[in-house]
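Naming: A, B, ... by sequence-line order, numbering from 1 per chain. We use all heavy atoms of the structure for the numbers below, so side chains are in, but hydrogens, waters and symmetry mates are not.
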There are 4 protein chains.
Amino acid sequence: MTTSDKRKLILDGAEKIFAAKGFAGSKVEEIAEQAGVAKGTIYLYFPSKEEVFISLIEERVNELISLVQERIKGLDCAIKSLRLQVKTQIEFYTEHAGLLDVAFQYAPRLSYKLQQRLNKSRLKLVQISIDSIKELVSNPKSISVNTMAAMLDGAVNNLLINYFLNDYPIEAEEIADQIVTIFLPGLLQQQG
Amino acid sequence: MTTSDKRKLILDGAEKIFAAKGFAGSKVEEIAEQAGVAKGTIYLYFPSKEEVFISLIEERVNELISLVQERIKGLDCAIKSLRLQVKTQIEFYTEHAGLLDVAFQYAPRLSYKLQQRLNKSRLKLVQISIDSIKELVSNPKSISVNTMAAMLDGAVNNLLINYFLNDYPIEAEEIADQIVTIFLPGLLQQQG
Amino acid sequence: MTTSDKRKLILDGAEKIFAAKGFAGSKVEEIAEQAGVAKGTIYLYFPSKEEVFISLIEERVNELISLVQERIKGLDCAIKSLRLQVKTQIEFYTEHAGLLDVAFQYAPRLSYKLQQRLNKSRLKLVQISIDSIKELVSNPKSISVNTMAAMLDGAVNNLLINYFLNDYPIEAEEIADQIVTIFLPGLLQQQG
Amino acid sequence: MTTSDKRKLILDGAEKIFAAKGFAGSKVEEIAEQAGVAKGTIYLYFPSKEEVFISLIEERVNELISLVQERIKGLDCAIKSLRLQVKTQIEFYTEHAGLLDVAFQYAPRLSYKLQQRLNKSRLKLVQISIDSIKELVSNPKSISVNTMAAMLDGAVNNLLINYFLNDYPIEAEEIADQIVTIFLPGLLQQQG
DNA sequence: GATGAATGAGAATTCATTCAT
DNA sequence: TATGAATGAATTCTCATTCAT
């Protein structure tokens, strides 16, 4: 097993625990157990519990971005592209349930330097939606693309939380359709 | 000073600290200091730190609900009613910045009994949006009112976070307009 | 029991443990137990184990200095004064066996700021001998008073360690006599 | 490279680290690094960190003894012999600054068996001074040779520490002269 | 022999809660 | 009622030692 295999093992274990219990509620020992390594091993790969946390978020955000970019590459229909972006995001959030919420929730308690790193990741995430909306609404009339992207992201997120809370099965296709159905008319009316 | 005055004092202090530092990051001592009472006094009014937390959320959610109900009472235009509901929510969230997010974030780490209480509050919140949308869209075609309400709530929330992050001034009127502008077309098309 | 009583209790407990086991070998829990308080209580009075250590040394050095100054006050014979100073030092070291050695041993591992504080105490200690020798040897011929004081202090210290190691009973009178017997001729020849 | 070469490498590395940071403050990893070997290699040559420590002291003490014996062999003047012994000790202590102090400081925390071994080394060291004083003071009047030797050793040690603390350059000749100047008269008066 | 990744017992420190005043 | 000193369970991080390569 290579060094980066073990790093991945730890991050995967950390994700399960952090997503379930939040940052403060997750014990390093639990993470180690979940990852199948010893407590001390975690400190060979990361200098602190906080650094495990930040690294995990950065990793996942980058994965999501790569995934979206790869999938919508070459699509020529802006509506299809938006829908696919939303769907990919839903699938990813579902697979990493709760993690990203936990992530940004804890930001204010981290050191300034770590907050900066987290915020960079957060901005990368919103950028995905910004790109998709830009493609769709080239000259928005009255609302900025950023604002529209923020609404879209929030709607996606909260709809998922709602599904989780009610224990509905998450069907990415269906949810993506619902989102697009509600948003598309409003977005299109923004076309200048 | 009456008993309920002191209770209020404690909850107000707790809100400031919880909103800034999250549940785990907030020390009882800090809350006491912020409230201007001694640490021990808090335990005269609440049996535990967790109970302070839950009581605070319940209190604030009830305040928001009363406020919305009072404001939209007697309005006969559904669109105006929706807009006012959104605006009120924005003003309230702004005043209690971060608190409600913190609240629901911590839910999974509380005991089952306390989670039940928190979820009741959460459902009450979504209910506000459900009521407004029901008024607007009496017979939705393909998407449930709950789903639409969840999107709306998520969009409101996230837009606010976006404003905070970018240090834009929060103008409730303007933000409410933006939300309604994007959502209204989609919602109206749902009219069966 | 007043606040300073408890502080004293902790320092007394710490002295026993530090002297017996050194800084690194002493556990905060043991110190607490020895002092008859809970582990957490120590952190009400001192911010860290290191601070307990430094405070203890400072306290004891100040006590020794006061004791010597008080005892030799008013003596007009320099030889008697030197002898009394040596004797007092011996009695004090005996009562606080090993503590001061431990103290200065650990200096290099403390932070710079704490080292400064320790060194101040160390200099205060040597100053006692310097004062006594100055009184005896007003115009030293070839060796500085500081140098002579350092030899005297070292001899006192090591003689005591030697007694401890061999489990001889420590008779301050006798040891003071031995020191003075060996040193006096050499010191007097330094009289310019 | 032979087995004993590597052993020497490790002990030399250990000395630097132990002298600078004490026993508890020295990490096996640092010692390995300083010695230019891997951590695991140390455990091929020594069963534990403690054993590295004790072996180091024994080695150095034996070197010092050999050095003194060799140098004063054949000298017929007892005073010159004493002075040379002191000077050799000073040179050795200077070269191995701090090591021996560290050594005996840690004795109480070692296992009984290891303490015995350390004490044997300590006695060997004092024996050097005892031998020199015996040569000078064949029938001491009132103070035992051991006692005088302990004073001498303490004075040498402390004078060196004093020089270190004040950052004076260590001139073995000069310091040996100062020691002998102060001690000789007292010692000679002990001649029965 | 040599390596250094992995282990896990052990220690310092924190902080919710209690309780004597 | 109100206080805040005292408690000790719980948690993060360290580092001597082992062992597979």
Is the closest basic N to carboxylate O distance between [X] and [Y] below 4.0 Å?
X	Y	result
B:Glu58	B:Lys120	no
B:Asp12	B:Lys16	no
C:Glu33	C:Lys39	no
D:Arg117	D:Glu50	no

Roughly, in whole Å, what's the span from [atom1] in [X] to [atom2] in [N]?
X	N	atom1	atom2	value
B:Phe46	F:dA2	CZ	C1'	16 Å
D:Arg7	E:dA2	CZ	P	14 Å
C:Tyr45	E:dT13	OH	P	18 Å
B:Ile17	E:dC15	CD1	C1'	15 Å
D:Glu30	F:dC15	CD	C1'	11 Å
D:Phe53	F:dA16	CZ	C1'	16 Å
A:Lys6	F:dT21	NZ	P	11 Å

Under-4.0 Å side-chain N/O to phosphate OP1/OP2 contact, C:Lys27 with E:dA12: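 So the side-chain polar atoms of C:Lys27 never come under 4.0 Å of the phosphate oxygens OP1 or OP2 of E:dA12.
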A:Arg7 side chain near A:Glu59 side chain, heavy-atom distance below 4.5 Å: yes
Note, D:Thr41 side chain near D:Phe46 side chain (heavy atom, < 4.5 Å):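 No, too far: nothing below the 4.5 Å cut-off.
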Worked verdict on B:Tyr45 versus B:Leu9 for side-chain contact (heavy atoms from CB on, under 4.5 Å): CA-CA 11 Å; B:Tyr45 292 87; B:Leu9 227 51; over 6 Å; no
For DNA chain F, stems built from three or more consecutive Watson-Crick or G-U wobble pairs below 3.5 Å: E:2-21 with F:2-21
Flag if over 12 foreign heavy atoms under 6.0 Å of CD, C:Glu30: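 More than 12 within 6.0 Å, yes.
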Contacts of type side-chain contact (heavy atoms from CB on, under 4.5 Å), residue D:Phe92, not counting sequence neighbours: D:Arg60, D:Glu63, D:Leu64, D:Leu67, D:His96
Which residue lies more 5' along DNA chain E, comparing D:Glu29 with C:Ser48 via nearest heavy atoms: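 Closer to the 5' end of DNA chain E: D:Glu29.
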Sub-4.0 Å heavy-atom contacts from residues 33-44 of chain C onto DNA chain E, ordered by number: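 Output list: C:Lys39, C:Tyr43.
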